[in-house]
Undergrad: 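Here you go, one structure.
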Amino acid sequence: CCRASLTLRLYALTNACVVLFMIQSADRLILCLGCFWIKLRGIKPVANAAAAGKDDVEAGAQEEEFPMVLVQIPMCNEKEVYQQSIGAVCNLDWPRSNFLVQVLDDSDDAATSALIREEVEKWQREGVRILYRHRVIRDGYKAGNLKSAMNCSYVKDYEFVVIFDADFQPQEDFLKRTVPHFKGKEDVGLVQARWSFVNKDENLLTRLQNINLCFHFEVEQQVNGAFLNFFGFNGTAGVWRIKALEDSGGWMERTTVEDMDIAVRAHLKGWKFLYLNDVECQCELPESYEAYRKQQHRWHSGPMQLFRLCFVDIIKSKIGFWKKFNLIFLFFLLRKLILPFYSFTLFCVILPMTMFAPEAELPAWVVCYIPATMSLLNILPAPKSFPFIVPYLLFENTMSVTKFNAMISGLFQLGSAYEWVVTKKSGRSSEGDLVALVENEKAIQAAESRVRAEPRLPSSKGGTVPESGSQTQKKKHNRLYRKELALSFLLLTAAARSLLSVQGIHFYFLLFQGVSFLVVGLDLIGEQVE
């Protein structure tokens with residue numbers, strides 16, 4: 001009786017997950033068709049011909065014709081990437097009197113802060129209008145940093161604000177290819193550029209990340225921007241109309257996804273967004289699984305925090321019914337909640353359990369054919385990644401553990417929901433050549449030596465404050481991830497059971513998926529951590 005009841009519940013849960021799986025697959029297919037239509041019809045945002053640009057410069061345009069632009073670079077303990085980022089921003093092709101750079105340093109490492117301050121002073125001597133701001137208390141993390149910078153009295157003199165994270169290096173013509181899209185379009189609040197990755201071929205982990213993010217930018221962002229004039233702000237490589245930021249309530253520290261938060265609030269206020277797929281900004285991908293896992297945890301817990309906070313505001317807003325439907329069902333529920341839920345439940349729990357309860361068997365098209373088709377659609381924007389289609393499918397299912405855990409913690413406000421860890425950078429986006437890398441290392445060592453030479457202040461516990469930038473040698477090692485290892489054991493056991501039951505497709509899927517969990521659980525993917 002108990003076995004029959006358990007089988008019945010497992011069967012019901014299986015059917016529910018299959019329905020959710022089909023809905024999400026249909027959404028993915030519609031997005032791909034939308035992208036195909038955009039390519040076929042050549043649809044893309046067109047800047048006002050009278051806006052400042054290359055032709056204007058050649059015709060002798062006056063500086064007054066260029067809007068006042070504020071450029072912000074928030075950073076925190078990112079000594080590997082600060083130099084090239086600041087250098088790229090200071091070399092933007094825009095009249096120097098018409099843009100100001102704010103370097104927003106939240107570093108708690110004295111040596112790193114000293115290096116960043118020196119870099120800012122170097123560019124000041126070269127005539128660039130650049131300011132260094134340092135917060136001792138990091139309230140609100142990145143959102144708090146940006147909010148504090150926007151409270152400066154001189155911000156009122158600027159019309160637009162551009163944000164670049166510390167590892168982003170914009171091309172010289174970035175402003176001339178983005179800012180003109182605001183001219184004559186008073187309802188446009190945001191222009192978002194695409195990311196490109198300097199280390200996408202560094203290891204298997206970065207290759208798999210590149211597949212996901214290529215689909216995100218090429219398909220999701222482009223389709224939503226073209227047909228809905230709304231998408232989630234990516235937090236960097238975007239230009240905001242300051243009036244839109246202020247009208248939407250400014251930066252808030254209530255979630256770990258301040259970029260999505262401000263985008264939703266601006267959308268509810270009626271502001272439109274433009275996405276430029278042909279304007280790219282270089283950055284780097286996390287190269288270690290630990291860094292990637294923490295990044296994904298923040299990216300998947302934050303939307304659930306935000307959904308809880310803004311659900312009532314969406315219902316009460318004056319936007320149309322279909323825009324509310326898109327926000328609630330597609331933007332939040334389907335793509336942020338349902339996707340990690342069914343992916344984890346269906347392929348990591350139900351499938352192995354059906355090997356011990358044959359009455360609830362999953363059909364082959366659910367296990368193999370539909371997932372393979374969806375993976376094929378995902379990989380289309382990155383055609384060079386076709387050889388990695390199988391590892392991609394397996395890794396996405398493996399990552400569902402982290403994403404599901406993050407989704408639950410964000411939805412129910414568990415302890416790890418508000419965890420904010422700056423994604424570790426390797427500095428590859430700063431390595432133009434080996435000489436530059438060596439010089440950067442020498443500068444870091446010199447700054448650390450100066451800091452150690454300064455008198456150390458007594459701490460509140462009677463000792464002394466530890467020296468910043470200690471020279472203690474750190475060894476790289478593999479971490480063990482217990483959840484992944486436990487699921488690996490479950491899947492491999494189910495694979496053995498499937499082999500005994502002569503279930504071919506199920507056996508191969510469970511075997512390879514179990515091996516994938518084992519590889520990740522032993523931290524054998526990506527770079528090792530220090």
Side-chain angles (χ1 to χ4, degrees), residues 1-22 24-25 204-205 208 289 293 296 300 338-376 378 388-408 478-525:
C1 181
C2 292
R3 178 180 173 83
S5 176
L6 180 61
T7 301
L8 185 62
R9 292 178 182 177
L10 183 61
Y11 184 75
L13 182 60
T14 300
N15 289 337
C17 285
V18 169
V19 171
L20 295 177
F21 176 50
M22 295 305 298
Q24 197 274 333
S25 298
L204 179 59
L205 179 60
L208 300 180
Y289 177 70
R293 188 179 67 87
Q296 292 301 302
H300 285 82
I338 292 177
L339 177 57
F341 169 77
Y342 91 74
S343 181
F344 171 76
T345 307
L346 188 61
F347 296 110
C348 302
V349 177
I350 293 179
L351 179 57
M353 293 301 293
T354 56
M355 298 301 102
F356 304 96
E359 299 86 351
E361 179 183 355
L362 285 176
W365 59 269
V366 173
V367 177
C368 180
Y369 304 131
I370 298 298
T373 303
M374 292 301 103
S375 296
L376 184 63
N378 279 15
F388 302 95
I389 186 169
V390 173
Y392 171 73
L393 172 60
L394 297 174
F395 182 68
E396 280 301 289
N397 289 335
T398 304
M399 282 303 299
S400 67
V401 178
T402 296
K403 296 176 181 179
F404 179 79
N405 179 63
M407 181 266 291
I408 293 297
N478 293 72
R479 297 196 176 197
L480 296 179
Y481 299 97
R482 290 176 292 180
K483 294 177 183 177
E484 285 79 358
L485 290 174
L487 281 167
S488 172
F489 177 77
L490 173 63
L491 289 163
L492 292 175
T493 303
R497 174 74 177 181
S498 175
L499 182 62
L500 295 175
S501 304
V502 196
Q503 295 178 328
I505 292 179
H506 297 73
F507 164 72
Y508 288 113
F509 182 89
L510 288 167
L511 175 63
F512 290 128
Q513 191 64 68
V515 172
S516 176
F517 270 101
L518 182 63
V519 169
V520 172
L522 295 175
D523 196 16
L524 297 177
I525 185 171

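Keep in mind that this is a model prediction, so the values were computed, not measured. Residue numbers count from 1 along this sequence.
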Undergrad: Report the distance from atom CG of Leu491 to atom CE of Met355, rounding to the nearest 0.5 Å.
TA: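 CE of Met355 is found 10.5 Å from CG of Leu491.
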Undergrad: Can you give me every donor-acceptor pair (side chain of residues 338-350, partner residue at least two apart or in another chain, under 3.5 Å) with its distance?
TA:
residue, atom, partner, partner atom, Å
Tyr342, OH, Gln24, OE1, 3.0
Thr345, OG1, Phe341, O, 2.7

Undergrad: Can you tell me if Ser498 uses its side chain to pair, donor with acceptor, with the backbone of Phe507 under 3.5 Å?
TA: yes
Undergrad: Please examine the side chains of Glu484 and Val519, heavy atoms only from C-beta on, and report whether any two atoms are closer than 4.5 Å.
TA: no
Undergrad: Indicate yes or no: at least one non-hydrogen side-chain atom of Lys483 is less than 4.5 angstrom from one of Asn405.
TA: yes
Undergrad: Applying side chain to side chain contact (heavy atoms under 4.5 Å, CB included) to Leu393 and Ile389, what does each step give before you reach the verdict?
TA: CA-CA 6 Å; Leu393 172 60; Ile389 186 169; 5.8 Å; no
Undergrad: In Å, rounded to the nearest 0.5 Å, how long is the span from CE of Met399 to CZ of Phe517?
TA: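 Interatomic distance, Met399 CE to Phe517 CZ, rounded to 0.5 Å: 10.0 Å.
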Undergrad: Can you list everything that forms a side-chain hydrogen bond (donor to acceptor under 3.5 Å, both in side chains) with Thr398? Sequence neighbours excluded, please.
TA: Gln513, Ser516
Undergrad: Say you draw a straight line from CG of Leu522 to CZ of Arg479; how long is it, rounded to the nearest 0.5 Å?
TA: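 Answer for the CG-CZ pair, Leu522 versus Arg479, is 14.5 Å.
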Undergrad: Go through the structure and list residues passing ring-ring contact (aromatic ring centres under 6.0 Å, His included) with Phe388, not counting sequence neighbours.
TA: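 None.
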Undergrad: Please assess Tyr481 against Val401 for the test side chain to side chain contact (heavy atoms under 4.5 Å, CB included), listing each intermediate value before the final yes or no.
TA: CA-CA 11 Å; Tyr481 299 97; Val401 178; over 6 Å; no
Undergrad: Just to verify, what does Tyr392 make a ring-ring contact (aromatic ring centres under 6.0 Å, His included) with, not counting sequence neighbours?
TA: none
Undergrad: Would you compute the distance between atom OG of Ser375 and atom CG of Asn397 and round it to the nearest 0.5 angstrom?
TA: 8.0 Å
Undergrad: Within the 4.5 Å heavy-atom criterion, are Leu492 and Leu510 side-chain neighbours or not?
TA: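 When only atoms from C-beta onward are counted, Leu510 and Leu492 do not touch, as no gap falls below 4.5 Å.
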Undergrad: How far does CG of Leu204 sit from OH of Tyr289, to the nearest 0.5 angstrom?
TA: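 Atom-to-atom, Leu204:CG and Tyr289:OH are 13.0 Å apart.
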Undergrad: Would you please test Phe395 and Ile525 for side chain to side chain contact (heavy atoms under 4.5 Å, CB included) and show each step?
TA: CA-CA 10 Å; Phe395 182 68; Ile525 185 171; 3.9 Å; yes
Undergrad: Output every pair passing salt bridge (Lys or Arg N to Asp or Glu O under 4.0 Å) with a member in residues 388-402, not counting sequence neighbours, ordered by first then second residue.
TA: Glu396-Lys403
Undergrad: Roughly how far apart are Phe356 CZ and Thr493 OG1, rounded to 0.5 Å?
TA: 6.0 Å
Undergrad: Side chain to side chain contact (heavy atoms under 4.5 Å, CB included) with Ile370: which residues, sequence neighbours excluded?
TA: Phe21, Ser25, Trp365, Met374
